[in-house]
Undergrad: 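One structure is given below, represented as structure tokens, and several questions about it will come after.
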Amino acid sequence: MRNPKTKLLIISILIFVASLPMKTYCVENDCGEYWSGLATLLIGFLGILYDMAGSISWFANPLIIIAWILPYRLINIKLISSLLASFLALYFLTIDETIINEAGHIGKITGYASGYWFWTSSIIIYTFGLFYFFLRRIIKNAIDIK
């Protein structure tokens, strides 16, 4: 496996998968098991039903998956998708409150756990890698033109 693009993809996916059993964030100083990465991935979109601003960050998941599965010849779309995913993942840092249970009760976010940081890192690493390959292609094309 000498292809650096494949290595980048595998590293990003492995970090993403590693985030799934980890705790993601703390609500009112409770970093309980309820907010593991897997639980957040599976039910995070439900915050949209409660009109929670932080739930928009959940859309980083489908965006990074789109970036992972698109072929490299569509690197422009891959890069845009991963950039949007990065912004949405980081946007969660600006959120103060979130839903803490299925009844719709709201709690104050008091911290971020390793699952959040691994999840965000997997997305940002992939974005930076794509940006590197994108720039390399532009520079190569510019040199070939001369």
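Values below: all heavy atoms of this structure, side chains included; hydrogens, waters and symmetry mates excluded. Sequential numbering from 1 along the given sequence is applied to the chain's residues. It should be emphasised that the depicted structure is a prediction, and the values quoted were computed from it without experimental measurement.
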Undergrad: Mark yes or no for whether Thr24, through its side chain, and Gly37, through its backbone, hold a donor-acceptor pair below 3.5 Å.
TA: no
Undergrad: Closest approach of Tyr112 and Leu93, non-hydrogen atoms and distance?
TA: OH-O, 3.4 Å
Undergrad: Tyr91, Ile66: one ILVMFWY side-chain cluster at the under-4.5 Å cut-off?
TA: no
Undergrad: Students often mix this up, so state it plainly: with edges at 30° and 60°, are the rings of Tyr116 and Phe92 parallel, tilted or perpendicular?
TA: tilted
Undergrad: Testing Ile125, Leu79, Leu135, Leu83 for side chain to side chain contact (heavy atoms under 4.5 Å, CB included) with Leu130, which one passes?
TA: Leu79
Undergrad: Honestly curious: do Phe134 and Ile77 fall in one hydrophobic cluster under the side-chain, below-4.5 Å linking rule?
TA: no
Undergrad: Under 4.5 Å between side-chain heavy atoms, counting indirect links through other Ile/Leu/Val/Met/Phe/Trp/Tyr residues: same cluster for Phe133 and Ile80 or not?
TA: yes
Undergrad: Is Ile95 reachable from Leu41 through a run of hydrophobic residues whose side-chain heavy atoms are each under 4.5 Å from the next?
TA: yes
Undergrad: Report yes if the side chains of Phe16 and Ser121 come closer than 4.5 Å at any heavy-atom pair, otherwise no.
TA: no
Undergrad: Is a donor on one side and an acceptor on the other found under 3.5 Å between the side chain of Thr127 and the backbone of Ser82?
TA: yes
Undergrad: Measure the OG1-CD1 distance between Thr120 and Ile64 for me, rounded to the nearest 0.5 Å.
TA: 11.0 Å
Undergrad: Do Thr40 and Trp119 have side-chain heavy atoms sitting under 4.5 Å apart?
TA: no
Undergrad: Just how far is it from atom CD1 of Ile106 to atom CD of Glu28, taken to the nearest 0.5 Å?
TA: 10.5 Å
Undergrad: Could you state the interatomic distance from OG (Ser36) to NZ (Lys23), rounded to the nearest 0.5 Å?
TA: 10.0 Å
Undergrad: About how many Å separate OH of Tyr126 and CH2 of Trp68, when rounded to the nearest 0.5 Å?
TA: 9.0 Å
Undergrad: Roughly how far, to the nearest 0.5 Å, is the CD1 atom of Ile13 from the CG atom of Leu8?
TA: 9.5 Å
Undergrad: Under 4.5 Å between side-chain heavy atoms, hopping through other hydrophobics if needed: is there a path connecting Phe131 to Leu9?
TA: yes
Undergrad: Do Arg137 and Ile75 pass the side chain to side chain contact (heavy atoms under 4.5 Å, CB included) test, and can you show the C-alpha distance, the side-chain angles, and the key distance before you say yes or no?
TA: CA-CA 10 Å; Arg137 185 181 77 178; Ile75 195 163; 3.0 Å; yes
Undergrad: Would you call Ile124 and Leu90 a side-chain contact if the rule is heavy atoms closer than 4.5 Å?
TA: yes
Undergrad: For Arg136 and Asn141, which I'm curious about, is there any donor-acceptor pair between the side chains at under 3.5 Å?
TA: no
Undergrad: Under 3.5 Å, side chain of Ser81 to main-chain N/O of Lys78, donor-acceptor pair present?
TA: no
Undergrad: Taking OH in Tyr72 as the centre, count heavy atoms belonging to other residues, nucleotides or ligands within less than 6.0 Å. Is the count above 12?
TA: yes
Undergrad: Of all the heavy-atom pairs spanning Gly115 and Ser19, show the shortest one and how long it is.
TA: O-CB, 3.4 Å
Undergrad: With a 3.5 Å cut-off and no angle check, do the side chains of Ser12 and Ser122 form a donor-acceptor pair?
TA: no
Undergrad: Rounded to the nearest 0.5 Å, how far does NZ of Lys108 lie from CG of Asp96?
TA: 4.5 Å
Undergrad: Do the non-hydrogen side-chain atoms of Leu88 and Trp58 ever get within less than 4.5 Å of each other?
TA: no
